[in-house]
Novice: 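Here you go, one structure.
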Amino acid sequence: MSAQQSQGIQTLLEAEKEAAKIVQHARQYRIQRLKDARFEADKEIEAYKKSKEAEFKAYEASHAGATSEVQAAVDRETEVKLANIAASYEANKEKVVKKLMDRVVLVKPELHRNLKKSSV
């Protein structure tokens, strides 16, 4: 009976080793499937990025003309405003200088308004 028990234990040990091999194989298979899934996902992401980049470039190319026209209009408007400012400067610079000189040269001495109120 001892030989039979020994043989039964031996059979159980062999079955345990076989089960460990199967579990190890399953783990390796799972790891490989995860790697493959990541690789496929990376490929899909890259393809999506490329398609969106191409879409953006097409959109940018189709609207580039409109952008340059708007920029040209803004530049023209800016030039007109700068010309108006320069003309206004030339027309009024003598008046401003005269007002400044009058304020500096023609001093009217008078008491400060707060001093007048407190002394009354």
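Every value quoted in this text rests on a predicted model; they were computed, and no experiment measured them.
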Novice: Identify, with sequence neighbours excluded, every residue that meets side chain to side chain contact (heavy atoms under 4.5 Å, CB included) alongside K93.
Specialist: Y89, E90
Novice: In Å, rounded to the nearest 0.5 Å, how long is the span from CZ of R103 to CG of L100?
Specialist: 9.5 Å
Novice: Filter on ring-ring contact (aromatic ring centres under 6.0 Å, His included), then keep only pairs touching residues 6-42, sequence neighbours left out; what's left?
Specialist: none
Novice: Give me each pair satisfying salt bridge (Lys or Arg N to Asp or Glu O under 4.0 Å) with a member in residues 15-42, each pair once, sequence neighbours excluded.
Specialist: E40-K43
Novice: For residues 47-56, which residue pairs qualify under salt bridge (Lys or Arg N to Asp or Glu O under 4.0 Å), counting only residues two or more places apart or in two chains?
Specialist: K52-E55, E53-K57
Novice: Is the number of heavy atoms from other residues, nucleotides or ligands under 6.0 Å of Q28 CD greater than 12?
Specialist: yes
Novice: Share the residues that join L34 in a hydrophobic cluster, the rule being Ile, Leu, Val, Met, Phe, Trp or Tyr side chains under 4.5 Å apart at the heavy-atom level.
Specialist: none
Novice: Would you list the pairs meeting salt bridge (Lys or Arg N to Asp or Glu O under 4.0 Å) in which at least one residue belongs to residues 66-80, sequence neighbours left out?
Specialist: E77-K81
Novice: Do the side chains of V74 and V80 join up, straight or via other hydrophobic residues, at under 4.5 Å, putting them in one cluster?
Specialist: no
